[in-house]
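Take a look at the structure below.
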There are 2 protein chains.
Amino acid sequence: MATMQDVARLARVSVSTVSYVLTGARPISQATREKVLAAMAELDYQPHAMARGLASRRSRIVGLLLPIDERGLGATETAFVTGAAAAASAAGYHLVLSPVGVNDLDELRRLASQRMLDGALLMEVQLADPRVAVLQEVGVPLVLIGRTEDPSGLSYVDIDFDLTVRDAVDHLVGLGHRRIVYVNHSAAALADGYGPALRTRDAFAAAMAGHGLAPLMIPADDSAAGGRAAMAAALAQAPDLTAVLAMNESAVFGILGELAGRGRSVPGDVSVVSMVTSPQVAELATPALTAMTSPGSALGRIAVETLLRHLDADNGEIHQQLLPCALEVRGSSGPPRATGGDGITGAGPARPAPAPTEEAARRRAATRRRA
Amino acid sequence: MATMQDVARLARVSVSTVSYVLTGARPISQATREKVLAAMAELDYQPHAMARGLASRRSRIVGLLLPIDERGLGATETAFVTGAAAAASAAGYHLVLSPVGVNDLDELRRLASQRMLDGALLMEVQLADPRVAVLQEVGVPLVLIGRTEDPSGLSYVDIDFDLTVRDAVDHLVGLGHRRIVYVNHSAAALADGYGPALRTRDAFAAAMAGHGLAPLMIPADDSAAGGRAAMAAALAQAPDLTAVLAMNESAVFGILGELAGRGRSVPGDVSVVSMVTSPQVAELATPALTAMTSPGSALGRIAVETLLRHLDADNGEIHQQLLPCALEVRGSSGPPRATGGDGITGAGPARPAPAPTEEAARRRAATRRRA
DNA sequence: GTGAAAGCGCTAACAT
DNA sequence: ATGTTAGCGCTTTCAC
């Protein structure tokens, strides 16, 4: 394998000149540049990553820290990972996947102290995440995927749960629904202070209040069984509900199953909208799920770009960005069957359902836009 | 950050002694070892990854080469990736995720020539995969996930499609099914020579023949719509079918939808078994899918371990291993409703369905074993 | 605009 | 059993 020495020799210049041609750190005359480039091409020269890293103190590697304790990544997380990998690769960086338990702080410190990582992306950020302090101590620039309780001074990208919930609620209310139940993550997750569960809970209450409607919320375990149980509980509590908004991607299939088991059709009797869901998963259901499509890949890309910006320019420009999930209307939502007898709670102004044909056209257009 | 120099100074030994304590490449007396270890602890010393890599010519980084052109990773691939990451991490290695198009050979050559990768894992291997030759030219040890047409001389891990199909067919035949349709990947995939599609096709034919039954096979596009169409075609072709074996993870939900749409119950009228499927996905269906569970995580782990063995000992010990998917019986398979009027094709000896109670017990046991 | 040379922090001969 | 030292291949002063 050719080294920079070889190139310099062949081009009859010094190694430093070759280096400067490569890095562009100082002006090189057109003539020598071409000589050097020709020599590099001739020798099939590729800079040695470790040597360059050692000398420049920049590995051109960023770490993606994913929690180890989870039972695998969901479709959204996977999209995030591949999006990040693609963005890093496009920028000439490498992305290493480092499984580190959220509380395995020693392991994290070790990893960060090896000077192999120019920066790190933190997945599954908790409201109080001890990993942040560790990384900061060691001086590794980082970008959060998610938010800590107080993210001031930290760069992050996260889903805009407020806007996503509001859009979902608007969609259902726009169809004419007034009794809408929100199926959140588990009670345990809420008690643990799991950010998305908390944020969507508040956002749902606010969005419903904005329409003069009473919020109805049920937690569900992250499983089909959890969804079934939650749906049963919801129907017991509000037999007249006409729509379900499900945060819980795992539970939503149980919700559909329970509805089918009780002979309630979707979307005829009950509309179902799934939050933070990938198209692939939404398409699995019958009917395909109207869903708030998670911006997984874009999140990954933006997170990497943000991190690289921190590395290139050392200006401490904090970047905080929220991305909403986009509504994709599929087959699981529609106007409620009967506008009849409500008045049980939150009797407020709700828009009437649009005429069927008009509505159908609208839905088709919305779907097409995303395709 | 402390360097090896600092440690040596504090421990009053030479740098090489510190190095040897770290690498264990030569015997060190108990006394000095302890001095050194103490100094390292005191200084919070961590070896500099790049420096070590440059000097030792081993980066302790392995690459996971995933095709960029795909529309995201499925659950099986994701499990593979995380399994590989965990195994690498456990062995003190790092795993970089490199998205490289299957035909972007220049990019691959560049990547491999940077000397950043000690070895590579190749995902989504094609029957004739040009990436293999590139990696071999550059001298990067590799392990395939999947198999080329002629994998002699190459280490690989792959799913044992033959055994998996046989086990699935045995399960269905054991339940009493005789008219079984195999829903494969798309016709295009078959024409392209997509290995898994080809291998399972032949395995299905063989397994059915082994039971004296006629194989019935239908291709399906990788989508819910593809599954619906395939199911419709299958029913048109063989109205008396009682079981479906689906290779196509995306299509299987369409299959279920089509059956439900036609009022055929699962597993009452038709049993459905899904191939190469993750438990998470299997649980989404109602009823939950009896499935051949893909060994994604184990494949990832074994692939990494195999690769590391190649790196440590330079003996060219080729390692080729096939892992079957394990049958996990859930709710979508059961005995056929009626043994009545078959004799249309492949009239051969088929085991009768076991008595209901006995069978139920067997199924439960099988499930428990895997839990 | 270009070259010479001093490291970057470590490993691995070569010494003793 | 330990120390000395010459690199690993590159970046980056410092000189011209």
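By convention in this document, chain letters (A, B, ...) are assigned in the order of the sequence lines, proteins followed by strands, and residues within each chain are numbered from 1. What you see below is based on every heavy atom in this structure, not just the backbone, and it leaves out hydrogens, waters and symmetry mates.
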Legend entry - Between C:dG7 (C1') and B:M4 (CE): distance, integer Å: 17 Å

Legend entry - B:S98 side chain to B:V100 backbone, donor-acceptor under 3.5 Å: no

Inset, instruction - Without swapping roles, check the side chain of B:H94 against the backbone of B:R60 for a donor-acceptor pair under 3.5 Å. - result: no

Inset, instruction - Please report the shortest heavy-atom distance between A:A8 and A:S14, naming the atom on each side. - result: CB-C, 3.8 Å

Inset, instruction - Indicate whether OP1 or OP2 belonging to D:dA1 is found under 4.0 Å from a side-chain N or O atom of B:T32. - result: no

Legend entry - Heavy-atom side-chain proximity of A:Y93 to A:D118 below 4.5 angstrom: yes

Legend entry - Donor-acceptor under 3.5 Å (B:S89 side chain, B:A85 main chain): no

Inset, instruction - Examine D:dG3: is either OP1 or OP2 under 4.0 Å from a nitrogen or oxygen in the side chain of B:T17? Give yes or no. - result: yes

Inset, instruction - With the side chain of A:V15 defined as its heavy atoms from C-beta on, choose the nearest nucleotide among C:dT2, C:dC10, C:dA5. - result: C:dA5

Legend entry - Protein-nucleotide distance (B:R26, atom CZ; C:dA12, atom C1'), rounded to Å: 9 Å

Legend entry - Donor-acceptor under 3.5 Å (B:S19 side chain, B:V15 main chain): no

Inset, instruction - Kindly state which residues belonging to residues 48-63 of chain A come within less than 4.0 angstrom of DNA chain C, counting heavy atoms of the residue only, listed by number. - result: A:L54, A:A55, A:R57

Legend entry - Value in whole Å for how far the C1' atom of C:dT11 lies from OH of B:Y20: 7 Å

Inset, instruction - Look at all strands and tell whether A:V18 reaches a base, only sugar-phosphate, or nothing, counting heavy atoms closer than 4.0 Å. - result: nothing

Legend entry - Nucleotide C:dC8, atom P - distance to CE of B:M1 in whole Å: 16 Å

Inset, instruction - For A:M116 and C:dC8, give me the distance from atom CE to atom C1', rounded to whole Å. - result: 15 Å

Inset, instruction - Specify the separation, in whole Å, of atom CZ of B:R33 and atom C1' of D:dT2. - result: 13 Å

Legend entry - Donor-acceptor contact below 3.5 Å, side chain B:R33 vs main chain B:I28: yes

Inset, instruction - Considering just the side-chain nitrogens and oxygens of B:S14, establish if one lies under 4.0 Å of OP1 or OP2 belonging to D:dT4. - result: no

Inset, instruction - Remember a base hit wins even if backbone is also touched, and classify A:S29 as base, sugar-phosphate or nothing at under 4.0 Å, heavy atoms. - result: sugar-phosphate

Legend entry - For atom CG of A:L43 and atom C1' of D:dG9, their distance in whole Å: 15 Å

Inset, instruction - Could you tell me whether A:I28 contacts a base, only the sugar-phosphate backbone, or nothing, with contacts defined as non-hydrogen atoms closer than 4.0 Å? - result: sugar-phosphate

Inset, instruction - Grab the CZ-C1' distance between B:R9 and D:dT4 for me, whole Å please. - result: 16 Å

Legend entry - Donor-acceptor pair present, A:S16 side chain and C:dA4 base, under 3.5 Å: yes

